[in-house]
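Notes follow once the structure below has been shown.
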Amino acid sequence: MAKYNSFEEMEVYQKALQFGVKVYKLTLSDEKIAKDYGLKDQLQRAALSISNNIAEGFERETKKELIRFLYFSKGSAGECKNMFNFLLSLGYINNDNYYEYKNNVLEISKQLGNYIKYLKNLEKQDKLNQKNL
């Protein structure tokens, strides 16, 4: 799709996957989070959803569908940001962990936004080229 042959080649996918693994490990190793089953489950789902939606959108094989699923990924990144705000407010994580995870997810969200813009521009160019035929 566009400039990639597979979703695994995408830097944003790789970062999202690493983030998901990192979050999953946090939810298993941190005693407070591990015991709060609802919170743990929601955080794991949101973090994994970022990379899952990138993969699913890519496999749909159209720019329109990829853009749609990148927006879902971006939404899941926002959910993770909120979850880390919540974890900090509960005192489940310290400021250093909060900023580390929040900065990771902000970077992913920014990359998703940039890729969405890139794909939308390609769509516009495709429409202009079709009109000129």
Side-chain angles (χ1 to χ4, degrees):
M1 173 82 34
K3 58 184 179 179
Y4 301 104
N5 294 313
S6 72
F7 63 83
E8 291 96 343
E9 293 177 5
M10 299 169 67
E11 182 183 348
V12 69
Y13 167 79
Q14 293 166 11
K15 286 184 180 185
L17 184 65
Q18 290 169 358
F19 178 75
V21 169
K22 189 174 172 181
V23 167
Y24 203 90
K25 287 180 178 179
L26 172 71
T27 63
L28 297 176
S29 65
D30 185 282
E31 198 173 304
K32 291 177 186 172
I33 298 171
K35 287 182 179 179
D36 191 332
Y37 300 112
L39 185 69
K40 177 182 83 169
D41 183 59
Q42 189 69 25
L43 184 54
Q44 287 174 342
R45 287 172 179 261
L48 182 57
S49 181
I50 300 170
S51 61
N52 276 348
N53 280 306
I54 294 168
E56 186 172 352
F58 189 92
E59 291 298 326
R60 300 261 177 149
E61 297 184 357
T62 68
K63 285 184 197 88
K64 186 175 183 174
E65 284 289 288
L66 177 55
I67 291 167
R68 182 171 165 246
F69 278 84
L70 290 175
Y71 275 120
F72 294 156
S73 290
K74 199 161 169 34
S76 294
E79 186 177 355
C80 286
K81 286 189 277 187
N82 180 62
M83 295 292 294
F84 281 100
N85 291 338
F86 193 70
L87 291 173
L88 182 67
S89 297
L90 287 175
Y92 282 15
I93 58 173
N94 62 34
N95 281 338
D96 290 341
N97 279 342
Y98 169 76
Y99 286 111
E100 178 184 342
Y101 285 91
K102 186 118 181 221
N103 287 336
N104 287 166
V105 78
L106 284 171
E107 184 179 339
I108 292 166
S109 185
K110 183 178 177 182
Q111 284 185 320
L112 287 166
N114 288 337
Y115 195 48
I116 290 167
K117 286 177 193 171
Y118 167 78
L119 290 170
K120 283 185 168 188
N121 284 334
L122 284 181
E123 276 192 326
K124 286 178 189 174
Q125 289 172 4
D126 289 346
K127 287 178 184 175
L128 287 174
N129 289 338
Q130 286 176 352
K131 286 181 183 179
N132 292 329
L133 290 178

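All values below were derived from every heavy atom in this structure, side-chain atoms included, with hydrogens, water molecules and symmetry-related copies excluded.
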### Query
Taking the six-membered ring for Trp, are F7 and Y13 parallel (under 30°), tilted (30 to 60°) or perpendicular (over 60°)?
perpendicular
### Query
Do V12 and N114 come close enough that some side-chain heavy atom pair is under 4.5 Å?
no
### Message
Given 3.5 Å as the limit, does a donor-acceptor pair link the side chain of K32 with the main chain of G91, or not?
### Response
yes
### L39 and L90, any side-chain heavy atoms less than 4.5 Å apart
yes
### Query
Is any side-chain heavy atom of L87 less than 4.5 Å from a side-chain heavy atom of Y101?
no
### Beyond-backbone contact of E11 with Y115, side-chain heavy atoms, under 4.5 angstrom
no
#### Entry: Atom OH of Y24 with >12 non-hydrogen neighbours under 6.0 angstrom
no
### Query
Does N52 have any side-chain hydrogen bond (donor to acceptor under 3.5 Å, both in side chains) partners at least two apart in sequence or in another chain, and if so, which?
none
### Query
In terms of hydrophobic clustering (I, L, V, M, F, W, Y; side-chain heavy atoms under 4.5 Å; direct or indirect links), are Y99 and L43 co-clustered?
yes
### Joint hydrophobic cluster, V23 plus V21, side-chain heavy atoms closer than 4.5 Å
no
### Task
Quick one: sort the F69 and F72 rings into parallel, tilted or perpendicular, breaks at 30° and 60°.
perpendicular
### Query
Any side-chain heavy atom of I67 within less than 4.5 Å of one from E123?
yes
### Message
Under the salt bridge (Lys or Arg N to Asp or Glu O under 4.0 Å) definition, can you give me all pairs with a residue in residues 105-116, not counting sequence neighbours?
### Response
K15-E107
### Message
With salt bridge (Lys or Arg N to Asp or Glu O under 4.0 Å) as the rule and sequence neighbours excluded, what pairs involving residues 67-88 come up?
### Response
E65-R68
### Message
Which residues pass the side-chain contact (heavy atoms from CB on, under 4.5 Å) test with K40, not counting sequence neighbours?
### Response
T27, I33, Y37, Q44
### Message
Are L70 and N53 packed together at the side-chain level, in the sense that at least one heavy-atom pair is separated by less than 4.5 angstrom?
### Response
no
### Message
Does any part of the side chain of N97, heavy atoms only, come nearer than 4.5 Å to the side chain of D30, both counted from C-beta?
### Response
no
#### Entry: Over all atoms of both residues, closest heavy-atom pair of A46 and S76
O-CB, 3.6 Å
#### Entry: Side chain to side chain, I50 and C80, heavy atoms closer than 4.5 Å
yes
### Query
So if you build clusters from Ile, Leu, Val, Met, Phe, Trp, Tyr with side-chain heavy-atom gaps below 4.5 Å, do L106 and M83 land together?
no
### Task
Verify, without hydrogens or angle tests, whether S109 (side chain) and V105 (backbone) share a donor-acceptor contact under 3.5 angstrom.
no
### Message
Hydrophobic clusters here meaning ILVMFWY residues chained together by side-chain heavy-atom distances under 4.5 Å, can you tell me if L28 and L26 are in one?
### Response
no
### Query
Does E8 have any side-chain hydrogen bond (donor to acceptor under 3.5 Å, both in side chains) partners at least two apart in sequence or in another chain, and if so, which?
S6
### Set of residues satisfying side-chain contact (heavy atoms from CB on, under 4.5 Å) with respect to L88, sequence neighbours excluded
I93, N95, Y98
